[in-house]
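Quick note: residue numbers are just sequence positions, from 1.
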Amino acid sequence: MLERVARGQQKTILELLSRRVGRTVAKESVLALLYDDRADGGPDNASLVLSTQLYYLRKFIGAYGWSIVTSGGGRGSATFYRLIPTEAGQ
C-alpha cells in the first residue's frame, strides 16, 4: 500500500504512522516531520493542511483495509493518530 501512495505529505504521514501501527502518534510530531525543515516553519494553516491530507489518505487506505483513527483534541488536549486495520476500529 505504501508504495502506491504518491510522494509528498501523504506518503510522509503514512510512512510515520506505518512505523507505529496500532500506536498513537501525536499531531505535533506529524506537523514537526512535515514542516520543521522549512525556514518559515510551515504554513499558518498547517493543522488544516494536515486535516486535508489525512482526509484523502483515509479514503485511499480504506480500500486496502486500513484506517487512521483520531483521538483526543478536545478543549486544549493533544490530538493523536493511529494507523490500524479497519476491522480493529469497529
Tell me, please, which residues at least two apart from V21 pass side-chain contact (heavy atoms from CB on, under 4.5 Å).
W66, L83
Among residues at least two apart in sequence or on other chains, which ones pass salt bridge (Lys or Arg N to Asp or Glu O under 4.0 Å) with R38?
D40
Do the side chain of T86 and the main chain of G65 share a donor and acceptor less than 3.5 angstrom apart?
yes
Identify each donor-acceptor pair in which a side-chain atom of residues 71-81 lies under 3.5 Å from a protein atom, sequence neighbours left out, and give them as a table.
{"residue": "S77", "atom": "OG", "partner": "G73", "partner atom": "N", "Å": "3.2"}
{"residue": "S77", "atom": "OG", "partner": "G74", "partner atom": "N", "Å": "3.0"}
{"residue": "S77", "atom": "OG", "partner": "G74", "partner atom": "O", "Å": "2.8"}

Calculate, to the nearest 0.5 Å, the distance between atoms CD1 and CD1 belonging to I68 and I61 respectively.
4.0 Å
Does a sphere of radius 6.0 Å around CG in D37 hold more than 12 heavy atoms from other residues, nucleotides or ligands, not counting ones at 6.0 Å or beyond?
yes
For the atom pair NZ (K11) and CG (L57), what is the distance rounded to the nearest 0.5 Å?
11.5 Å
Does some side-chain heavy atom of V49 sit less than 4.5 Å from a side-chain heavy atom of Y35?
yes
Can you list, by chain and residue number, the hydrophobic cluster partners of Y55 when the side-chain cut-off is 4.5 Å?
Y56
Once rounded to the nearest 0.5 Å, what's the spacing between atom CD1 of I13 and atom CZ of R58?
10.0 Å
Taken to the nearest 0.5 Å, the spacing of L54 CG from Q9 CD works out to 10.0 Å
Donor-acceptor pairs under 3.5 Å, side chain of residues 22-29 to any protein atom, not counting sequence neighbours: which ones?
{"residue": "R23", "atom": "NH2", "partner": "R19", "partner atom": "O", "Å": "3.4"}
{"residue": "K27", "atom": "NZ", "partner": "S47", "partner atom": "OG", "Å": "3.2"}

